[in-house]
There are 2 protein chains.
Amino acid sequence: MRRMTARPANAHQSRLLKLLRDGGPHSRAQLGDRVDLSRSKLAVEVDRLLETGLVVADGLAASRGGRRSHNVRLHPGLRFLGVDIGATSVDVAVTNAELEILGHLNQPMDVREGPVAVFEQVLEMAGKLKATGLAEGFDGAGVGVPGPVRFPEGVPVAPPIMPGWDGFPVREALSQELGCPVMVDNDVNLMAMGEQHAGVARPVADYLCVKIGTGIGCGIVVGGRVHRGTTGSAGDIGHIQAVPDGRPCACGNRGCLEAHFSGAALARDAVEAARQGLSADLAARLEANGTLTAVDVAAAAAAGDATALDLIRAGGTQVGQVIAGLVSFFNPGLVVIGGGVTGLGHTLLAAIRTQVYRQSLPLATRNLPIVLGELGPTAGVIGGARLISDHLFAPA
Amino acid sequence: MRRMTARPANAHQSRLLKLLRDGGPHSRAQLGDRVDLSRSKLAVEVDRLLETGLVVADGLAASRGGRRSHNVRLHPGLRFLGVDIGATSVDVAVTNAELEILGHLNQPMDVREGPVAVFEQVLEMAGKLKATGLAEGFDGAGVGVPGPVRFPEGVPVAPPIMPGWDGFPVREALSQELGCPVMVDNDVNLMAMGEQHAGVARPVADYLCVKIGTGIGCGIVVGGRVHRGTTGSAGDIGHIQAVPDGRPCACGNRGCLEAHFSGAALARDAVEAARQGLSADLAARLEANGTLTAVDVAAAAAAGDATALDLIRAGGTQVGQVIAGLVSFFNPGLVVIGGGVTGLGHTLLAAIRTQVYRQSLPLATRNLPIVLGELGPTAGVIGGARLISDHLFAPA
DNA sequence: ACGGCTTTCTCCATTCACAGGACAAAGCTC
DNA sequence: GAGCTTTGTCCTGTGAATGGAGAAAGCCGT
């Protein structure tokens, strides 16, 4: 198909497109139940959407005791690309208009190689997905990068862990290469949108989404919308002080949360523990691989290694301490923990919970669920698809 | 006049009322410049507002080189009541429809006496204001209380420093007594709204408003709107841990910010310093009054007393530490410091600034002003008037 | 004083948005 | 097949809104 060019002409059409995106095919009657328009007006707007080609007829539905309804749905050929650039790997996925993942690729990679090398990689992966026949082209792409972004322009700003990206016109460059509209955001915000769209955060308006991977970040959702802050750095909690006069951090300060707990810090601590002979299990893994990662620690913990469990608990307590403060401050309705370290699972979660429930205001924790994200590595790419579809489905 | 009963019938009218509130009298042409409506439609809506009585003609304006314009303004008889209940005193003020303060009373009082005693006081003060002829009655009242509030119902919930208020139907009770609509909110949120309406925060969409009085709280403004959180306790930063294993706090935890710095903590520390003979100045003041308050410390500091200055600096550093974390997290465009301790002035502010600029993410502090509130004790009452007028001027 | 120019405001005709009723189409159940 | 239900279309009436014509009321220069 030729790529999507039309845009909803008004708020009604925008609303209808989002209903079809989030709920799949609907009959006009079903749409009418959810949209507070007269049937006649609704029919007019649906007809206009059919004219644009964004929406197509989808056959007859089963009868519910009367005339059978004619379903409509978003064009089945629409394709969105979700790109989640992490510190050490990229995820690229194609979705249909309902944001269901049709194909998903993951590849190790180092962001520090710079935007040109990374995007070469991304374009190649996108090409592979096309080659499988899942897509002929893309109607839009949502891209996450591991650092702050000037959102309106889609440009990373002063990203600490990705030198060489500062000011690179990601949005423009990718839009050119892919030949479709592109939106760029922080990877943590993408995860927050993903969990909100298809994960644990579906019913919640105000929530926090803490992503613990190589670094630590926090997606902030206020009234259903992501809060990005004045310079796009909102949620950057990795450099909040967790330990007064604690460990030196790459940022120049001491005691930053990230310096004490994150994928990188955990791996480093595990190596040290292994060298000190505190854990035979970790030492064996170190021997075998030459290095350790958070995954090794998770495996050791799962096998019952006390040192690994202690490391995870200590880390969870540190994170919990910071989250406790944020919970008192922000009073969310839900806290989601996600990112690479979700493999650490319930040991980590329990430590975080204990600390938050102990230290936050009782009123703020009274009914506060703290849970693991349920989408894993797909959260980011779904969030990307969601980001661009929100943009494309916004009223003109 | 009989009290305001009409409400704007649509979003246009609501918009117009707010323009007249915030900008004083306007001609139709001036309104047209700001509202994106055709002149004819605008005239229709203005005429309707004139019919309701909310808006009245206000004579001819000077010519600007052509026909003179007929101004319209909000009814000059409209009166809002702003009530700011603090831990140790109440502020009550009357404003006109433009939220200008016409009369303002302040009275020492102890919230712990409970809602009945406090409202007796408030009603008496409102009566006094009426007796001066400033108002014949009130069209609405906005009330701030020093604790979390279930906002839609206007009911305090689990307020730590005000036992006896939990669940008291403040909104309903006051509405009954005053015979007008009432809205209730946290006092810190009121201050944030006040500074946003008439103070330093006018141009900013996302900002934090830290109020340091008997306790410590923080108003959170996201996209121009106050964020209250899921249970109404957002911004309650007094019990964030500032010092690991620090001083015991009334809440049962240790090291809470409030336990280390607040009006109450500062007074306590000053007494102790005086008793230990660290400061002749403070000792003399203690001798004279039998007790010390933050005001005494401010006076001693102004007189150059080193101990007082140290206390303030130490406190500012503690608050700054917590604010630094919040700034990294929230990435505001402005931080306002207000409340009873603003008398401590630039010594406090300097300590806070130093700490925040040192410890927050550079990107988040790059262009971050940290300033004292400019409205002082009127911020709360103006915020109250603003709260209720926003409510009354909302589309039906 | 008097025309030209500007600004403000009103009036009117036309277009568009939308609701809601009438009605047709298409199914179910008995 | 009768009667009922559900779905979808058509049509008309109403109010929202635009934009142009023009009147009212001021300015300024000659």
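Below, chain A is the first sequence line, B the second, and so on; all start at residue 1.
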TODO: Please find the earliest and latest nucleotides of DNA chain D, in the 5' to 3' direction, that have an atom within less than 4.0 Å of any heavy atom of chain B.
DONE: dA16(D) to dC27(D)

Task: R150(B): partners by side chain to side chain donor-acceptor pair (under 3.5 Å), with sequence neighbours left out - done: E153(B)

- [ ] Specify the angle, to 10°, made by the local axes at the two ends of the helix from dA1(C)-dT30(D) to dC30(C)-dG1(D) when five pairs are taken at each end.
- [x] 0°

Open item on the list: If you take any heavy atom closer than 4.0 Å to DNA chain C, which residues from residues 7-17 of chain B end up in contact?
Closed with: none

Open item on the list: Base contacts versus sugar-phosphate-only contacts with protein, heavy atoms under 4.0 Å: please encode nucleotides 21-30 of chain C as B, S and - from 5' to 3'.
Closed with: -B-BBBBS--

Task: Nearest heavy-atom neighbours spanning L174(A) and V182(A) - done: C-CG2, 4.0 Å

Open item on the list: What is the separation between atom CD on E45(A) and atom P on dC18(C), rounded to the nearest whole Å?
Closed with: 7 Å

TODO: For S63(A) and R68(A), indicate whether the former's side chain and the latter's backbone hold a donor-acceptor pair under 3.5 Å.
DONE: no

TODO: Check the distance between dA17(C)'s C1' and K41(B)'s NZ and give it to me in whole angstrom.
DONE: 12 Å

Task: Ionic contact status for R28(B) with D33(B), cut-off 4.0 Å - done: no

Task: E195(A) (side chain) donor-acceptor with E374(A) (main chain) under 3.5 angstrom - done: yes

Task: Contact summary for F80(A) and N96(A), nearest pair of heavy atoms - done: CD1-O, 3.8 Å

Task: Backbone N/O of R225(A) and side chain of H227(A): donor-acceptor pair under 3.5 Å - done: no

Open item on the list: Under a 3.5 Å cutoff, is there a donor and acceptor pairing between the side chains of T231(A) and N331(B)?
Closed with: yes

Open item on the list: Taking any heavy-atom pair under 4.0 Å as a contact, classify S69(B): base, sugar-phosphate, or nothing.
Closed with: sugar-phosphate

TODO: Using the ring of F138(B) (Phe, Tyr or Trp, six-membered ring only), decide whether R79(B) places NZ or CZ under 6.0 Å from its centre and within 45 degrees of its axis.
DONE: no

Open item on the list: Using salt bridge (Lys or Arg N to Asp or Glu O under 4.0 Å), reason through R21(B) and D390(B) one step at a time and then give a plain yes or no.
Closed with: CA-CA 10 Å; R21(B) 177 191 68 187; D390(B) 271 352; 2.8 Å; yes

Task: Non-hydrogen atoms of C180(B) and S175(B) that approach each other most closely - done: O-OG, 3.0 Å

TODO: Only counting residues at least two apart or in another chain, list the ones meeting salt bridge (charged side-chain N to carboxylate O under 4.0 Å, His left out) with E45(A).
DONE: K41(A), R48(A)

Open item on the list: Strictly below 4.0 Å, N to O, side chains only: are R202(B) and D22(B) in salt-bridge contact?
Closed with: no

